[in-house]
Amino acid sequence: MHRRSVISEAVAPWSDIARLLRGGEADTLIPVIIPRHRRRLWWMLPLWCGAYALLTGVMLSLREAGSDGAADVAYGALATLSYVAGVVLLLIGALWWWRSSIVEIEQGTNGVLTRYGAVTRTLDAGRHYLWHPWSRVDFVVDTATEIPYSAPVMACPTQENVPLRSIEFFLKFRITDAVLFVRTIGAGNFDLVLSSAVQDAIRQRARRMRTQRAYDLRGSDVADMQELLNRQLSVYGVRVTGCNIPDVQLPAQYQHHLATRERIAKERTAYEQEWGLTRKRRIDSLGMDIERAKKVRDARIVEVKAALNRAREEVAELLERQETEAQRVRFEIETRGRSGLIAAENEARAQRALAKAYRDNRAVLQYELARRRLEVGAGLAGKAPQPVVVRTDGGTDTSALSTLFAAQLLPRLTAGDRPALGDRPGPVGDGGHDPR
């Protein structure tokens with residue numbers, strides 16, 4: 001358990017100022033030193049004595065001017081001795097005054113210069129000369145160092161009113177205004193104010209936290225607390241440069257329960273890791289099986305594709321053969337068609353020639369037939385019997401007897417001429433073909 005830091009001021013000679021400001025005492029931070037002054041008014045004693053000796057020498061010189069003999073020598077020696085003593089004392093007093101007026105301010109600090117108790121100004125680091133007898137440096141304030149401050153807060157209740165054992169709070173602050181700091185609050189009072197402000201800020205933060213999440217305070221973001229502390233401490237010339245919560249300690253019983261919970265959580269994490277490894281192994285095994293299945297599937301796909309390619313090739317060959325056969329059949333059909341067409345054309349031409357020849361032959365035959373008919377008609381006309389005029393009157397009425405006689409007579413008249421007619425060629429039949 002860290003102890004709370006204590007801020008205080010110290011009275012020390014000038015030779016110990018650097019050691020106290022940088023190291024401090026045990027568990028004590030000393031940002032302000034009140035110098036133990038060596039500057040007294042004793043340096044005025046040699047000056048007054050020297051002045052008195054000089055005045056004595058002057059009186060003795062005047063007394064020497066009014067005397068004679070041995071008294072003159074004695075007053076002269078005393079006057080000389082007084083002059084020498086006065087000069088020596090004046091030199092000693094001047095050196096003493098010069099030496100006591102030197103003030104050396106440590107690097108990183110500021111000196112608060114006062115005159116008759118009133119603050120006049122601040123002195124920067126380096127050597128300064130205070131010629132005024134009543135001017136002095138009352139405070140040496142460290143304004144460059146970031147002073148660490150640790151403030152554990154005990155019995156800090158959480159949201160469930162469970163008092164935490166302690167909350168360690170660490171901050172760094174720097175004094176920005178030395179005069180405002182030493183005249184407004186001082187180091188001792190600032191320790192109380194800073195401790196109260198830190199405890200109030202920590203308790204407000206812990207009040208908003210649940211006990212089971214108390215460890216979340218360690219290393220958490222405390223920028224809001226730093227801003228709050230800066231607002232409270234800015235009136236004292238102090239600025240907080242950084243802060244954090246390094247440690248949180250829970251009550252013993254709750255810590256035991258929390259340790260058990262953490263142990264169970266660790267075991268659960270171990271089981272989860274073991275299960276994760278088992279699951280990973282199973283997933284890897286399944287992945288390998290899947291890869292093997294994929295390889296088998298790819299091999300089968302390759303085989304199917306090869307078979308499909310072969311089938312496509314066979315179908316292509318079959319189609320090519322069928323197409324060739326169809327082409328051959330088509331060529332044969334076309335050839336036969338062309339042959340038939342040529343034969344039909346030839347036959348048509350022959351028919352046309354035959355028809356033309358038939359037309360020519362028919363005209364000849366008709367001519368011959370007409371000529372024959374004329375010959376036959378002429379022959380028949382030459383050998384025809386003479387008609388028998390039965391009645392020559394122009395009457396229209398015939399008797400039955402005349403009609404019967406004509407019917408019986410006409411066949412007999414014509415019977416003798418039929419053989420001669422049968423020997424002659426008969427008429428041409430249908431079609432106009434010659435019987436010969």
Side-chain angles (χ1 to χ4, degrees), residues 268-384 411 414-415 417-436:
R268 178 183 175 183
T269 303
Y271 290 148
E272 288 179 351
Q273 291 178 354
E274 183 178 359
W275 165 244
L277 294 175
T278 305
R279 182 170 175 269
K280 187 176 182 301
R281 286 196 297 270
R282 292 181 180 178
I283 291 175
D284 293 339
S285 177
L286 291 175
M288 294 176 64
D289 294 340
I290 291 172
E291 291 296 329
R292 285 195 296 269
K294 286 182 178 179
K295 291 181 179 179
V296 173
R297 182 197 65 184
D298 294 339
R300 291 182 179 178
I301 289 174
V302 171
E303 293 177 359
V304 170
K305 287 183 177 180
L308 183 60
N309 292 330
R310 288 195 300 270
R312 287 178 178 175
E313 291 177 357
E314 293 176 359
V315 171
E317 292 177 357
L318 180 60
L319 290 176
E320 187 176 358
R321 287 197 300 270
Q322 290 182 354
E323 186 176 358
T324 304
E325 184 68 21
Q327 190 77 15
R328 185 182 61 77
V329 172
R330 186 180 66 187
F331 287 160
E332 290 179 356
I333 293 173
E334 289 179 354
T335 303
R336 286 196 299 268
R338 289 192 185 98
S339 300
L341 180 61
I342 293 171
E345 290 177 352
N346 294 330
E347 186 177 358
R349 283 193 294 269
Q351 290 293 333
R352 282 196 300 269
L354 182 60
K356 186 177 180 181
Y358 176 74
R359 284 194 302 269
D360 297 339
N361 191 20
R362 185 176 180 179
V364 173
L365 289 176
Q366 286 179 357
Y367 173 74
E368 291 290 334
L369 181 60
R371 189 177 62 78
R372 293 263 184 129
R373 282 178 181 177
L374 291 175
E375 291 178 357
V376 170
L380 288 177
K383 293 179 179 182
T414 60
D417 297 331
R418 286 180 181 174
L421 294 171
D423 294 335
R424 296 179 180 179
V428 179
D430 296 335
H433 293 283
D434 190 359
R436 292 177 296 180

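Keep in mind that the numbers below use all heavy atoms, side chains included, and drop hydrogens, waters and symmetry copies.
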Interatomic spacing from NZ in Lys294 to CD1 in Ile301 - rounded to 0.5 Å = 11.5 Å
Rounded to the nearest 0.5 Å, what's the gap from OG1 on Thr278 to CZ on Arg281? Could you check?
-> 4.5 Å
Determine, step by step, whether Arg321 and Leu318 satisfy the side chain to side chain contact (heavy atoms under 4.5 Å, CB included) criterion, reporting the C-alpha distance in whole Å, the side-chain angles of both residues, the deciding distance to 0.1 Å, and the verdict.
-> CA-CA 5 Å; Arg321 287 197 300 270; Leu318 180 60; 3.7 Å; yes
When rounded to the nearest 0.5 angstrom, what is the spacing between CD in Gln273 and CZ in Arg268?
-> 12.5 Å
Check whether any side-chain heavy atom of Ile333 lies under 4.5 Å from a side-chain heavy atom of Arg336, and answer yes or no.
-> yes
Looking at CZ of Arg282 and CH2 of Trp275, how far apart are the two atoms once the value is rounded to the nearest 0.5 Å?
-> 5.0 Å
Tell me, yes or no, whether the heavy-atom count around Glu345 atom CD, taken from other residues, nucleotides or ligands under 6.0 Å, exceeds 12.
-> yes
CA sep, side-chain torsions, deciding dist, call: Glu314, Arg310, salt bridge (Lys or Arg N to Asp or Glu O under 4.0 Å) = CA-CA 6 Å; Glu314 293 176 359; Arg310 288 195 300 270; 6.0 Å; no
Atom pair CD/CZ of Glu375 and Arg371 - distance to nearest 0.5 Å | 4.5 Å
Could you tell me whether Lys280 and Asp284 have a side-chain N and a carboxylate O separated by less than 4.0 Å?
-> yes
For Val302 and Lys305, run side chain to side chain contact (heavy atoms under 4.5 Å, CB included): C-alpha distance rounded to whole Å, both residues' side-chain angles, the deciding distance at 0.1 Å, then the answer.
-> CA-CA 5 Å; Val302 171; Lys305 287 183 177 180; 5.6 Å; no
When rounded to the nearest 0.5 angstrom, what is the spacing between NZ in Lys295 and CZ in Arg300?
-> 15.5 Å
Over 12 non-hydrogen atoms of neighbours within 6.0 angstrom of CD in Glu323 | no
